[in-house]
Undergrad: 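Structure provided below as structure tokens; questions to follow.
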Protein chains: 2
Amino acid sequence: MQLSQADRNILRSVQRDSSLSMADLGALVGLSPSACHRRLRALEERGLVKGYRAVLGQRELGLVMHFFIEVSLVSQSEPVLEAFESAVRAIPEILECHLMAGQSDYILRVVCEDAPAFERLHRDLVARLPGVARVHSNMSIREVKPLAGYPV
Amino acid sequence: MQLSQADRNILRSVQRDSSLSMADLGALVGLSPSACHRRLRALEERGLVKGYRAVLGQRELGLVMHFFIEVSLVSQSEPVLEAFESAVRAIPEILECHLMAGQSDYILRVVCEDAPAFERLHRDLVARLPGVARVHSNMSIREVKPLAGYPV
DNA sequence: CCTGAAAACCATAGCCG
DNA sequence: CGGCTATGGTTTTCAGG
């Protein structure tokens with residue numbers, strides 16, 4: 001399960017921009033288009049490339065507010081966790097959810113249009129998720145470094 | 001700056017999978033390939049589509065640990081913030097950084113291979129970022145809902 | 001704004017170093 | 001494994017409704 005330097009270069013490139021043609025990708029990493037293509041296919045099959053996605057403009061979508069919400073549950077029993085987690089997965093406004101070590105809290109990431117939208121989101125969706133004991137919202141003032149993929 | 005239902009459908013599709021051909025995309029949203037293509041181009045020009053990226057496998061890269069690190073600085077003066085932020089942007093292991101409201105803290109997201117790698121990352125990179133007063137690390141035990149784009 | 005066809009381009013497979 | 005070549009499909013453009 002090792003990665004050659006060529007594979008690393010390919011991963012870095014497609015992680016930054018997957019719209020390059022094999023010819024351009026090859027020029028960047030110093031390989032022919034067909035060599036690139038073969039390696040990229042192999043990387044997909046090994047699971048190192050899971051898919052391809054368009055990155056949308058958050059501001060342009062009008063989703064200018066960004067929150068990290070810490071949630072504690074009333075209990076850590078399996079049914080409570082599962083009910084919470086499936087509810088979270090079903091809500092598109094919740095972009096992301098992690099179960100955290102420590103206080104057995106969750107962190108949710110949500111975006112919304114404006115303060116009223118956040119109030120609705122908070123009151124009608126997050127606070128009403130099953131098993132929620134406490135909610136603490138943290139607002140991002142500014143995205144200092146946007147998520148752009150893993151170091152490879 | 002309005003989005004038609006067709007545009008929304010296109011955005012949803014390419015956000016989920018940008019490797020679809022225009023023919024497949026057209027079949028999904030009920031348009032001809034050329035109509036899809038023109039709309040998608042327009043969405044790119046309006047900034048609603050910012051780019052295309054490959055999604056890499058975190059586990060397959062060996063980056064199995066995932067942290068959210070809260071950082072407080074010694075001061076909120078402009079030069080201190082700027083020094084911190086440029087240092088953050090230069091470190092690939094720091095995937096993401098937000099300036100947070102409230103205690104004027106930052107949140108960093110980092111990934112690494114194992115506990116020793118995290119110790120190095122914490123001690124040699126994060127704790128030595130310019131202007132850092134306090135650091136508090138929170139480990140994700142499990143990604144309950146992986147980030148998969150905005151609601152549109 | 002859409003469709004449909006034509007042109008350019010590109011991914012992909014086979015074959016040879 | 002990498003490069004080259006051939007081919008089939010896809011993007012991209014354009015005329016016309």
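Since the model is a prediction, treat every value here as computed from it, not as a measurement. What's counted below: heavy atoms across the whole structure, side chains too, no hydrogens, waters or symmetry copies.
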Undergrad: Judged by atom type as modelled, is there a donor-acceptor pair below 3.5 Å linking the side chain of Ser13(B) to the main-chain atoms of Asn9(B)?
TA: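 Yes, Ser13(B) side chain to Asn9(B) backbone: donor-acceptor pair under 3.5 Å.
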Undergrad: Using a cut-off of less than 4.0 Å, is there contact between a side-chain N or O of Arg38(A) and OP1 or OP2 of dG3(D)?
TA: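 Indeed not, no polar side-chain atom of Arg38(A) lies that close.
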Undergrad: Just list the side-chain donor-acceptor pairs under 3.5 Å for residues 113-120 of chain A, sequence neighbours left out, or say none.
TA:
residue, atom, partner, partner atom, Å
Asp114(A), OD1, Ala117(A), N, 2.9
Glu119(A), OE2, Arg123(A), NH1, 3.4

Undergrad: Can Tyr52(B) and Glu44(B) be counted as having a side-chain donor-acceptor contact under 3.5 angstrom?
TA: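 Note: Tyr52(B) and Glu44(B) side chains meet the donor-acceptor criterion.
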Undergrad: Could you tabulate the donor-acceptor pairs under 3.5 Å formed by side-chain atoms of residues 60-74 of chain B, not counting sequence neighbours?
TA:
residue, atom, partner, partner atom, Å
His66(B), NE2, Arg109(B), NH1, 2.9
Ser72(B), OG, Asp105(B), OD1, 2.5
Ser72(B), OG, Arg134(B), NH2, 3.1

Undergrad: Closest approach of Gly149(B) and Leu95(A), non-hydrogen atoms and distance?
TA: O-CD2, 3.5 Å
Undergrad: Without decimals, in angstroms, what is the distance between His37(B) NE2 and dT13(D) C1'?
TA: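 From His37(B) NE2 to dT13(D) C1': 9 Å.
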Undergrad: Could you check how far CG of Leu40(A) sits from P of dC10(C), rounded to whole Å?
TA: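 Between P of dC10(C) and CG of Leu40(A): 16 Å.
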Undergrad: Please list, by residue number, the residues of residues 17-35 of chain A whose heavy atoms come closer than 4.0 Å to an atom of DNA chain D; answer none if no residue qualifies.
TA: Leu31(A), Ser32(A), Ser34(A), Ala35(A)
